[in-house]
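Accompanying notes for the structure given below.
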Amino acid sequence: MWDWTFTFEILPVLARAAIMTVEATALGFVIAATLGLVLASIRLAFPVAGVVVTVLVELIRSTPLLIQIFFLYFVLPKAGIVLDAFTAGVAAIGIHYAAYCSEVYRAGFENVPRGQWEASIALNLSPWNTFKDIILPQALPPVVPALGNYLIALFKETPLLSAIAVLELMQTAKNIGSETFRYTEPVTLVGVFFLVMSLVSAGIIRMLESWLQRR
Amino acid sequence: MWIRMLTAMLAGTLLLIALLSANAEYRLFMPGLLEGAVLTVEITLLGAVLAVFMALIAALAKLYGPLPIRWLSTTYIEIFRGTSALVQLFWLYFVLPQFGVFLDAFVVAVLALGLNIGAYGAEVVRGAIVSVARGQWEASIALNMSKAQMLRRIILPQAFTAMIPPWGNLFIELVKSTSLVSLITLADLTFKAQQMNQSTLKTVPVFTLVLLMYLAISLTVTIGMRLLEQRASRGLTRGRVA
């Protein structure tokens, strides 16, 4: 049923693919975290443009990521923008989670006491300086745990990239399966890898959270 | 006020679908996509029923079960929250047959998604039960209620209201994760879209229609949950006032 020699044979191949998965996660999260902050800031600064952002966020959040990946990979080339599979996939994941992250940042902004804004006006700080030096430093630390949760969620969505043939972990496991007709070991190993990585990062986030609370 | 805005958005989405399907290039795809949409809705509904069932069992087991049962439910929750839904789907579909268990793709889809969302739901249910005010527990003990009576009559009805908004999020999550079942050969909305895209290469109409259909399904779920929330918080001093 379970073949250990075969397991050790495919382990290096899967380990190499795991690097691709981690790369996609890191790049996707960088996009999500920065774009999310930009979206939330637009909402904060320009109420009129904010309505557009709200509708956009709602749109992105209520359609499946898989369809969005297909959209970027298959529909954009029709408009003359050709992306390779990895770029399209990472961009789709990044934009999808940017919508979620923007809500997280928004909650952070709303948590800053109004007196801070009023004091900044009283001190004659420019809106930009108020935002950069007063609001952001207070808004960001409380939302770190929530962002961490989305990092884990994003990490677990990366197998979707296998649908557009990015050679990440799941796709590699599928390939091994179709070459050797043995799915048990590769798919189980992928599951174990995700479980271990999620538990480890959940632990790290919990530590970060308690560290932030102690400060 | 939110409900009105959401309803307007849903009406706009449906109107857009109707307008687009007046165009011959789009109308061509409507019958096939609607067929796929029906399967998507079916999987969503059955998955939701399984998820709520599993969540209740797992949460109650984790809170009140004897130690081995508590461990079992914690293991279930951590495994299904800790691995990705796609891997779970593939494991049930490709690996289980190796152990002699053959399941129909549809059953696998409902099972995997239901168990996955159920694991998240278990934490939601647990959180809602724990957050019921302490005095309520003490009053039920003072009234000499059995544990079952206390849960059924006092705790769960109050926890129910607190559960509705997070369950709404989970159901949306469920709608969206049904798109994964296309990868285990089920002809849902996403599968139909890919198939039509490959056979006709009319990428823009196909994927535009699919996006709008998913949006319509998700919005319907959101509106339904908001209405339920409104209904459930009636007469309570807590929860959102409509």
Side-chain angles (χ1 to χ4, degrees), chain A residues 1-2 21 51 54-55 58-79 96 100 152-163 169-170 173-174 177-178 181-202, chain B residues 5-6 9 12-13 40 78-100 116 169 172-173 175-183 188-190 193-194 197-198 201-208 210-222:
Chain A
M1 192 86 354
W2 182 275
T21 293
V51 176
T54 310
V55 171
E58 213 50 50
L59 241 167
I60 295 175
R61 288 205 307 169
S62 34
T63 49
L65 178 56
L66 185 58
I67 296 287
Q68 290 166 8
I69 292 176
F70 284 153
F71 207 84
L72 287 194
Y73 191 56
F74 294 122
V75 177
L76 276 193
K78 303 272 165 178
H96 190 81
Y100 286 97
I152 296 182
L154 186 151
F155 169 64
K156 288 189 299 173
E157 299 269 29
T158 52
L160 283 185
L161 296 182
S162 66
L169 208 46
M170 195 69 227
K174 270 200 279 183
S178 57
F181 297 107
R182 294 201 62 104
Y183 282 96
T184 315
E185 290 88 355
V187 178
T188 310
L189 283 178
V190 172
V192 171
F193 170 78
F194 273 97
L195 183 58
V196 170
M197 287 291 282
S198 306
L199 289 179
V200 168
S201 25
Chain B
M5 190 183 146
L6 287 167
M9 220 167 142
T13 313
T40 294
E78 287 307 321
I79 286 184
F80 277 86
R81 288 201 314 166
T83 59
S84 76
L86 186 58
V87 178
Q88 288 158 20
L89 216 50
F90 273 48
W91 204 88
L92 288 182
Y93 193 62
F94 290 115
V95 177
L96 225 45
Q98 312 274 331
F99 295 94
N116 182 270
N169 286 343
I172 299 285
E173 217 43 51
V175 171
K176 293 191 294 172
S177 46
T178 57
S179 67
L180 301 182
V181 305
S182 64
L183 300 173
D188 79 321
L189 200 45
T190 307
Q194 260 182 298
N197 178 38
Q198 273 153 18
L201 293 178
K202 296 235 187 272
T203 312
V204 179
V206 171
F207 280 109
T208 310
V210 168
L211 268 182
L212 289 173
M213 283 182 183
Y214 271 115
L215 188 61
I217 297 174
S218 304
L219 283 173
T220 311
V221 173
T222 313

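Below, chains carry the letters A, B, ... as their sequence lines are ordered, and counting in each starts from 1. As a basis for the values below, the full set of heavy atoms in this structure was taken, side chains included, without hydrogen atoms, waters or symmetry mates.
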In residues 64-75 of chain A, what donor-acceptor pairs under 3.5 Å come from side-chain atoms, sequence neighbours left out?
{"from": "A:Gln68", "atom 1": "OE1", "to": "A:His96", "atom 2": "ND1", "distance (Å)": "2.7"}
{"from": "A:Gln68", "atom 1": "NE2", "to": "A:Ile60", "atom 2": "O", "distance (Å)": "3.0"}
{"from": "A:Gln68", "atom 1": "NE2", "to": "A:Thr63", "atom 2": "O", "distance (Å)": "3.3"}
{"from": "A:Gln68", "atom 1": "NE2", "to": "A:Thr63", "atom 2": "OG1", "distance (Å)": "2.8"}

Proximity breakdown for A:Leu169 and chain B, heavy-atom pairs closer than 4.5 Å: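 A:Leu169 has no heavy atom closer than 4.5 Å to chain B.
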In terms of heavy-atom proximity below 4.5 Å to chain B, should A:Thr158 be classed as side chain, backbone, both, or neither?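 Contact with chain B involves no heavy atom of A:Thr158 at all.
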From the list A:Val192, A:Val190, A:Thr188, the residue making the most non-hydrogen contacts under 4.5 Å with chain B is A:Thr188
Counting heavy-atom pairs closer than 4.5 Å to chain B, which one of A:Val55, A:Val187, A:Ile152 comes out on top? A:Val187
Do the non-hydrogen side-chain atoms of [X] and [Y] ever get within less than 4.5 Å of each other?
X	Y	value
A:Leu199	B:Glu78	yes
A:Lys174	B:Phe94	no
B:Phe99	A:Thr184	yes

Measure B:Ser182 against the heavy atoms of chain A and call it side chain, backbone, both or neither at under 4.5 Å.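 Side chain of B:Ser182 only, per the 4.5 Å heavy-atom cut-off to chain A.
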Please state whether the side chain, the backbone, both or neither of B:Leu211 comes within less than 4.5 Å of a heavy atom of chain A. both
Heavy-atom pairs under 4.5 Å with chain A, option from [options] with the top count:
options	answer
B:Leu183, B:Thr13, B:Asn197	B:Asn197
B:Thr83, B:Leu212, B:Ile79, B:Val175	B:Thr83
B:Thr222, B:Leu219, B:Val87	B:Val87
B:Gln194, B:Met213, B:Lys176	B:Lys176

If I take atom [atom1] from residue [X] and atom [atom2] from residue [Y], how far apart are they, to the nearest 0.5 angstrom?
X	Y	atom1	atom2	answer
A:Glu157	B:Leu180	CD	CG	7.5 Å
A:Leu195	B:Ser84	CG	OG	11.0 Å
A:Ser62	B:Met9	OG	CE	6.0 Å
B:Phe90	A:Tyr183	CZ	OH	8.5 Å

For residues 63-75 of chain A, pull every pair meeting salt bridge (Lys or Arg N to Asp or Glu O under 4.0 Å), keeping only residues two or more places apart or in separate chains.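 Not a single pair qualifies under salt bridge (Lys or Arg N to Asp or Glu O under 4.0 Å).
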Say whether, by atom type as modelled, one donor and one acceptor occur between the side chain of A:Lys78 and the main chain of B:Lys202 under 3.5 angstrom. no
Sidechain-backbone polar pair: A:Lys156 side chain, B:Leu86 backbone, donor-acceptor under 3.5 Å: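 Not confirmed, A:Lys156 side chain does not pair with B:Leu86 backbone.
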Closest approach of B:Glu173 to A:Tyr100 (non-hydrogen atoms, all atoms of both residues):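 Distance-wise, the nearest heavy atoms are OE1-OH, 3.7 Å.
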